[in-house]
Amino acid sequence: MSSAVSAPALARTREQLATGLTRLRGGPRRLGLVPTMGALHEGHLSLVDRSLELCDATAVSIFVNPLQFGAGEDLASYPRDLEGDVRRLGERGVDLVFAPSDAEVMYPAGEPSVRVDPGPMGEGLCGRFRPGHFQGVLTVVAKLFGMIRPDVAMFGRKDLQQSVLVRRMVEDLELGVEIVTTPVIREVDGLAMSSRNAYLSRAERREASGLFQALLAARASFADGEVSAEALIRTFTAVIDRHERLSLQYVELVEPDGLTPADPPTPDTVMAAAVFCGETRLIDNVVLGGAAPSGSVRPSDASVAPGPTEGR
Ligand code: AMP
């Protein structure tokens with residue numbers, strides 16, 4: 001990289017965060033926040049780019065939040081690359097990286113006893129298989145909003161249920177943060193980018209895009225006039241079943257704002273699914289309606305066209 005790239009301020013303590021924020025707030029400026037768990041890829045960086053477009057200053061948080069991991073999940077082995085992340089964010093032009101040096105910086109009094117209850121929208125989809133996960137997510141997001149006081153925060157559509165729940169939390173609790181949801185960024189074979197893709201073996205990686213292919217098959221069937229939710233789900237599972245290393249955890253057709261079951265489905269309906277590829281859990285979703293997807297899958301792809309709550 002050229003020497004013109006300047007490093008963002010790196011805050012690892014509350015004091016450094018406060019100093020960094022005060023500097024950033026040197027006037028009536030719009031502050032954008034991109035909350036992440038690090039090991040950054042182009043999916044995360046698309047959120048950063050959106051924030052840079054929309055805001056005068058951009059902060060990125062990097063924190064592998066213990067509250068959102070269940071027993072037996074991958075908290076200890078979750079990929080971490082702070083140095084690489086800070087470099088990438090500097091190249092992009094981010095102003096502040098908040099990467100708490102340890103969990104005590106976030107939770108000085110120990111794990112919080114008061115937490116945010118996701119309510120019924122946290123019960124289906126991933127919530128059914130990851131009890132406590134969304135409570136942990138919403139609690140840390142609410143804390144980050146309190147600590148950083150952003151005007152705008154970016155969330156990826158890849159984590160559909162998370163983005164919907166954060167939006168609902170902000171509305172229900174009047175948190176005064178504008179939530180922007182951005183499309184799924186994919187590898188060229190359609191696999192949704194994820195820090196956890198690093199866990200995949202070569203053989204698994206070859207099969208991992210089967211999840212997206214299965215979603216596309218259901219989408220194509222809907223475009224051909226199939227409106228039975230059951231039939232669309234059968235089309236999806238038939239593709240998953242053809243992949244030896246993929247096993248289905250769930251697939252659901254939901255209405256995009258409230259995550260309620262969509263039967264019969266409409267063009268706005270989202271098909272959301274989780275599969276295991278070997279030991280690695282993959283999630284993805286597509287909107288059923290809209291124009292046909294193109295071969296190389298980028299954010300402009302119609303399969304990830306902004307839903308009614310996106311792009312605000
Ligand atoms: P994570 O580090 O996995 O917690 O993700 C941080 C943010 O990046 C979340 O809002 C995710 O939805 C978003 N994100 C992760 N992967 C992607 C992707 N492939 N495309 C778009 N956004 C993503």
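Atoms within each ligand, like the ligands themselves, are counted from 1 in listed order.
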Please tabulate, line by line, the atom pairs linking an N/O of ligand 1 to a protein N/O at a distance below 3.5 Å, with the distance in Å to 0.1, or answer 'none'.
from     : atom 1 : to   : atom 2 : distance (Å)
ligand 1 : 2 (O)  : M37  : N      : 2.9
ligand 1 : 2 (O)  : H44  : NE2    : 2.8
ligand 1 : 5 (O)  : H44  : NE2    : 3.4
ligand 1 : 10 (O) : G156 : N      : 2.9
ligand 1 : 12 (O) : G156 : N      : 3.2
ligand 1 : 12 (O) : G156 : O      : 3.2
ligand 1 : 12 (O) : D159 : OD2    : 2.6
ligand 1 : 16 (N) : M193 : O      : 3.4
ligand 1 : 19 (N) : I185 : O      : 2.9
ligand 1 : 19 (N) : M193 : N      : 3.4
ligand 1 : 19 (N) : M193 : O      : 2.8
ligand 1 : 20 (N) : I185 : N      : 2.9

side-chain contact (heavy atoms from CB on, under 4.5 Å) with M121: which residues, sequence neighbours excluded?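 V164, L165, R168.
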For R167 and T181, what are the C-alpha separation, side-chain angles and deciding distance, and is it a side chain to side chain donor-acceptor pair (under 3.5 Å)? CA-CA 9 Å; R167 190 180 286 279; T181 311; 2.9 Å; yes
Between E73 and R281, is there a salt bridge with N-O shorter than 4.0 Å?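 Salt bridge: no.
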Using ring pair (Phe, Tyr, Trp, His ring centres under 6.0 Å) as the criterion, list what pairs up with F129, not counting sequence neighbours. Y250
Suppose we screen for ring pair (Phe, Tyr, Trp, His ring centres under 6.0 Å). Which residues come up paired with H41, at least two apart in sequence or across chains?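 Here the qualifying residues are H44.
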Do you know which of D284, V286, I283, N285 makes side-chain contact (heavy atoms from CB on, under 4.5 Å) with L160?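 It is N285; the other options fail the test.
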